[in-house]
Amino acid sequence: MKSQDDILAIVAALKSAYPEAICSLDYQKDYELLFSTRLAAQCTDERVNQVTPTLFSRFPTLEALAQADVSEVEEIIHSTGFFRAKARDIVAASQMLLEVYGGKVPSTMEELLKLPGVGRKTANLILGDIFHAPGAVVADTHCIRISGRLGLTDGTKEPPKVEQQLRAQLPPEESNDFCHRLVLHGRAVCMARKPDCANCTLRPWCDFYQPQD
DNA sequence: ATCCCGAGGG
DNA sequence: CCCTCTGGAT
């Protein structure tokens with residue numbers, strides 16, 4: 001594992017390389033981030049952003065989404081993949097948000113996980129970006145891969161373990177932005193197939209760095 | 001063939 | 001732990 005100094009150095013290097021820790025999903029309302037994140041399962045954010053303007057203008061309110069014809073939602077979101085489950089979840093979650101939570105996105109992990117189609121990744125993103133909860137760790141595919149390569153985790157790919165191990169090391173007020181920056185770094189430099197180690201600002205602390213790449 | 005800011009079920 | 005759900009890009 002890393003020393004606390006290494007952790008802080010990695011946090012600082014990422015902050016310097018990616019000054020704004022932004023979510024690349026486009027959204028206006030809280031529930032739009034929730035559903036955009038559901039759509040982002042095994043799909044690029046870029047493609048999600050191509051369908052959500054159509055989805056959220058065709059069904060501009062939570063009430064409209066709750067009453068939407070699932071097959072029409074399926075058509076709109078088809079290109080994001082897993083479209084049957086995603087469409088079913090979006091309509092069902094809209095109904096639950098209205099009926100159980102008064103139309104407001106809940107602010108606790110426990111309640112978020114009760115919503116259909118909301119798992120730990122989506123819940124943590126909401127907690128971090130909407131409610132600014134300290135200690136939120138979004139263990140998505142980029143976070144899991146890069147944390148493993150760096151040696152911040154023991155190599156597990158199980159999201160709850162990655163969450164736990166990162167949360168134990170990161171300053172709580174930094175964890176959410178840190179995860180956003182890992183995503184940006186995962187796209188630009190530390191790609192899954194062919195990581196660009198030569199141009200990586202994190203290589204002084206990375207267990208994975210191999211000069212021949 | 002592998003990957004993309006996953007979730008749910010066995 | 002495993003598997004399935006699905007389309008698009010590389």
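Letters A, B, ... mirror the listed sequences (proteins, then strands); counts begin at 1. Because the structure is a prediction, the values reported are computed rather than measured.
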Quiz item: Between A:F83 and A:R193, who's closer to the 5' end of DNA chain C by nearest nucleotide?
Solution: A:F83
Exercise. Report the distance from atom CD1 of A:I77 to atom C1' of C:dC5, rounded to the nearest whole Å.
Key: 12 Å
Exercise. Mark yes or no for whether A:R181, through its side chain, and A:P19, through its backbone, hold a donor-acceptor pair below 3.5 Å.
Key: yes
Practice problem: Starting from C1' on B:dG6, measure out to CG on A:L113 and report it in whole angstrom. | Solution: 13 Å
Practice problem: Hey, could you give me the CG/CZ distance between A:D140 and A:R145, rounded to the nearest 0.5 Å? | Solution: 8.5 Å
Quiz item: Looking for any heavy atom pair under 4.0 Å, which part of the strands does A:I22 touch: base, sugar-phosphate only, or nothing?
Solution: base
Self-check item: Atom C1', compared across B:dC4 and C:dT6: separation rounded to whole Å
Solution: 12 Å
Quiz item: Considering residues, nucleotides and ligands other than A:Q164, do more than 12 of their heavy atoms fall under 6.0 Å from its CD?
Solution: no
Quiz prompt | Phosphate-side-chain proximity, A:R47 and B:dC4, N/O vs OP1/OP2 below 4.0 Å | solution = no
Quiz item: What nucleic acid atoms does A:C179 come within less than 4.0 Å of, heavy atoms only: base, sugar-phosphate, or nothing?
Solution: nothing
Exercise. Starting from C1' on B:dG6, measure out to CG on A:D89 and report it in whole angstrom.
Key: 11 Å
Practice problem: Could you tell me whether the side-chain ring of A:F82 sits stacked on the base of B:dA7, using a centroid cut-off under 5.5 Å and a plane angle under 30°? | Solution: no
Exercise. Could you check whether A:E46 gets within reach of a base, just the sugar-phosphate, or nothing at all, counting any heavy atom under 4.0 Å?
Key: nothing
Quiz item: Within the structure, does a side-chain N or O atom of A:R145 lie under 4.0 Å from either OP1 or OP2 of B:dC4?
Solution: yes
Quiz item: With a non-hydrogen cut-off below 4.0 angstrom, is A:V118 in contact with a base, only sugar-phosphate, or nothing?
Solution: sugar-phosphate
Exercise. To the nearest Å, give me how far apart CD (A:Q42) and P (C:dC3) are.
Key: 15 Å
Exercise. Would you mind reading off the distance between A:K86 atom NZ and C:dG8 atom P, rounded to a whole angstrom?
Key: 11 Å
Quiz item: If you look at every strand shown and take non-hydrogen atoms under 4.0 Å, does A:T37 touch a base, only sugar-phosphate, or nothing?
Solution: nothing
Practice problem: Report, as yes or no, whether the 6.0 Å neighbourhood of atom CD on A:E173 holds more than 12 heavy atoms from other residues, nucleotides or ligands. | Solution: yes
Practice problem: Between B:dG6, B:dC4, B:dC5, spot the one nearest the side chain of A:V138, thanks. | Solution: B:dC5
Practice problem: Classify the nucleic acid contact of A:P116 as base, sugar-phosphate or nothing, counting any heavy atom under 4.0 Å across all strands shown. | Solution: sugar-phosphate
Quiz item: Base, sugar-phosphate alone, or nothing: which one does A:G81 contact when heavy atoms must sit under 4.0 Å apart?
Solution: base
Quiz prompt | Within 6.0 Å of NZ in A:K104, more than 12 heavy atoms from elsewhere | solution = no
Practice problem: Indicate, yes or no, whether a donor-acceptor pair under 3.5 Å links the base of B:dC5 to the side chain of A:H180. | Solution: yes
Quiz item: Any N or O donor-acceptor pair linking the side chain of A:R84 to the base of C:dT6 at under 3.5 Å?
Solution: no
Quiz prompt | For atom CG of A:N49 and atom C1' of C:dA9, their distance in whole Å | solution = 16 Å
Self-check item: Integer angstrom distance from the P of C:dT4 to that of B:dT2
Solution: 16 Å
Practice problem: Tell me what A:R120 touches on the nucleic acid: a base, only sugar-phosphate, or nothing, going by heavy atoms under 4.0 Å. | Solution: sugar-phosphate
Quiz item: When you look at CD of A:E111, are more than 12 heavy atoms from neighbouring residues, nucleotides or ligands closer to it than 6.0 Å?
Solution: yes
Self-check item: A:R38 CZ - B:dC4 P separation (whole Å)
Solution: 17 Å
Quiz item: Do the side-chain N or O atoms of A:T122 get closer than 4.0 angstrom to the phosphate oxygens (OP1, OP2) of B:dA7?
Solution: yes
Quiz item: Does a donor on one side chain sit under 3.5 Å from an acceptor on the other, for A:S71 and A:D69?
Solution: yes
Quiz prompt | Given DNA chain B, 5'-ward residue of the pair A:C23 and A:G117, judged by closest heavy atom | solution = A:C23
Quiz item: Given atom CZ of A:R88 and atom P of C:dT4, what is their separation to the nearest angstrom?
Solution: 17 Å
